[in-house]
Structure formats: structure tokens, C-alpha cells
Amino acid sequence: MTTNNTPERPHPRAPRRKRVVLANRSGAREVQRTVIDLEDQNSMSEAVVHSLVRAQLRAALLLAAVAALVLGALPVLLRFVPALSEVRPFGVPLPWLVLGVFPFPFILLIGYLGTRWAERNEREFTELVRR
């Protein structure tokens, strides 16, 4: 039986915890009056919220339809107009450019327009509720 006569070392003290703050808040954030008004859920607020939802849905469906029509028409156009396959801008066949390059900027444009319309609808909604 062996005994260890070495005195026990105290465990090193763990470092103190530090508070991490991601954003400096100078004051308490005030709840906007529009949110308080909508929480009442009277018939007026329900109608206003319903109109916002309809406007957002209308914008989304319109942009989705435009995107589907344009992107769906590209292969159809290339199929029924075979002369376009002979065109080679910059040495690249036109169908490759039309189907491989054009859709990406077009989709970015649709996304940009959708964001702009949604923000406009929300601004109009906020102005309507504040009145």
C-alpha cells in the first residue's frame, strides 16, 4: 500500500464569467402604438390585417406567375424556333446562354421586386394603422 504524502494542490480558480453584449441599448425600447392597437383585435384591426395579407399574397402570386411564364417560355421558344440554336454570340450557343445564364439575373430581379413590394405594403399598412 502506497501513500501519497504530497499535499493536495488547490484547483486553479476558473476564470470569471464575462457578459457579452451584442448590441448597446441606450434605453428601453418602446412598444409601437401600432402593435398595441392591433392587439385589441377589433373588427377594424382584423380588416386592416386581412388587407395586408391580401396585398402580400397578390404581389407574391403576380411575381410567381411572371417568373413561371418567362422561365417556362424560354425552353418552348428554343424548341419551336430552331433557328435560334444556330446563333452563337461570343462563340457560345444561344440556348446555353438563354437557359444557363439568363435565369439567374432574372430570378434576382424578381426577388428584388418582391422585397420592394412587400416593404411598400408594410409601410402602407403601418401608416394606415397609425391614423
Side-chain angles (χ1 to χ4, degrees):
M1 177 160 143
T2 60
T3 59
N4 191 355
N5 290 342
T6 58
E8 288 187 26
R9 289 188 192 171
H11 293 289
R13 188 172 183 162
R16 293 188 63 171
R17 292 184 179 203
K18 294 182 181 180
R19 182 176 177 191
V20 177
V21 179
L22 298 177
N24 292 328
R25 296 180 118 183
S26 59
R29 185 174 181 180
E30 296 180 21
V31 177
Q32 291 183 354
R33 184 72 189 155
T34 56
V35 174
I36 294 171
D37 289 342
L38 289 175
E39 287 177 351
D40 295 340
Q41 287 298 319
N42 57 22
S43 61
M44 174 67 171
S45 64
E46 286 180 19
V48 171
V49 170
H50 188 66
S51 70
L52 172 66
V53 170
R54 276 185 303 177
Q56 298 288 47
L57 180 63
R58 188 179 320 115
L61 290 176
L62 177 67
L63 288 173
V66 168
L69 285 173
V70 170
L71 294 177
L74 293 177
V76 172
L77 177 71
L78 293 172
R79 169 74 171 111
F80 290 112
V81 183
L84 292 176
S85 297
E86 304 300 322
V87 178
R88 293 182 172 270
F90 308 110
V92 179
L94 185 64
W96 284 29
L97 291 175
V98 169
L99 297 175
V101 177
F102 171 72
F104 296 105
F106 179 72
I107 291 171
L108 286 174
L109 176 66
I110 293 290
Y112 175 76
L113 290 175
T115 303
R116 296 282 302 212
W117 284 1
E119 289 173 350
R120 185 191 68 208
N121 289 336
E122 290 172 1
R123 272 194 309 274
E124 290 173 359
F125 169 75
T126 304
E127 290 171 7
L128 183 64
V129 171
R130 285 184 182 169
R131 287 186 212 163

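What you are looking at is a predicted structure, and each value in this text was computed from that prediction instead of being measured.
- Q56 and N121 get closest at one heavy-atom pair: OE1-ND2, 3.0 Å.
- Scanning both residues, P93 and R88, for their nearest heavy atoms gives CG-NH1, 3.3 Å.
- Side chains of F106 and V66 form a contact here, defined as non-hydrogen atoms less than 4.5 Å apart.
- Minimum interatomic distance between W117 and L63 (heavy atoms only, all atoms of both residues): CZ3-CG, 3.8 Å.
- Hydrophobic clustering, with ILVMFWY side chains joined whenever heavy atoms are under 4.5 angstrom apart, groups L78 together with F102.
- Residue V92 is not grouped with residue V98 when hydrophobic side chains (ILVMFWY) are merged at heavy-atom distances under 4.5 angstrom, including chains of intermediate members.
- At most 12 non-hydrogen atoms from other residues, nucleotides or ligands lie less than 6.0 angstrom from CZ of R116.
- Counting heavy atoms from C-beta on, the side chains of L84 and P95 never come closer than 4.5 Å.
- For the pair V101/W96, no side-chain contact is recorded, criterion being any heavy-atom separation below 4.5 Å from C-beta on.
- In this structure, the separation between CG on L52 and CZ on R54 is 10.0 Å, given to the nearest 0.5 Å.
- For R120, the CZ atom sits in a packed shell: over 12 heavy atoms of surrounding residues, nucleotides or ligands are nearer than 6.0 Å.
- Linking ILVMFWY residues whenever their side-chain heavy atoms come closer than 4.5 Å, directly or via other members, places I107 and L74 in the same cluster.
- With hydrophobic clusters built from ILVMFWY side chains whose heavy atoms lie under 4.5 angstrom apart, V70 shares a cluster with I110.
- Here the closest non-hydrogen pair linking L71 and P103 is CD2-CB, 3.8 Å.
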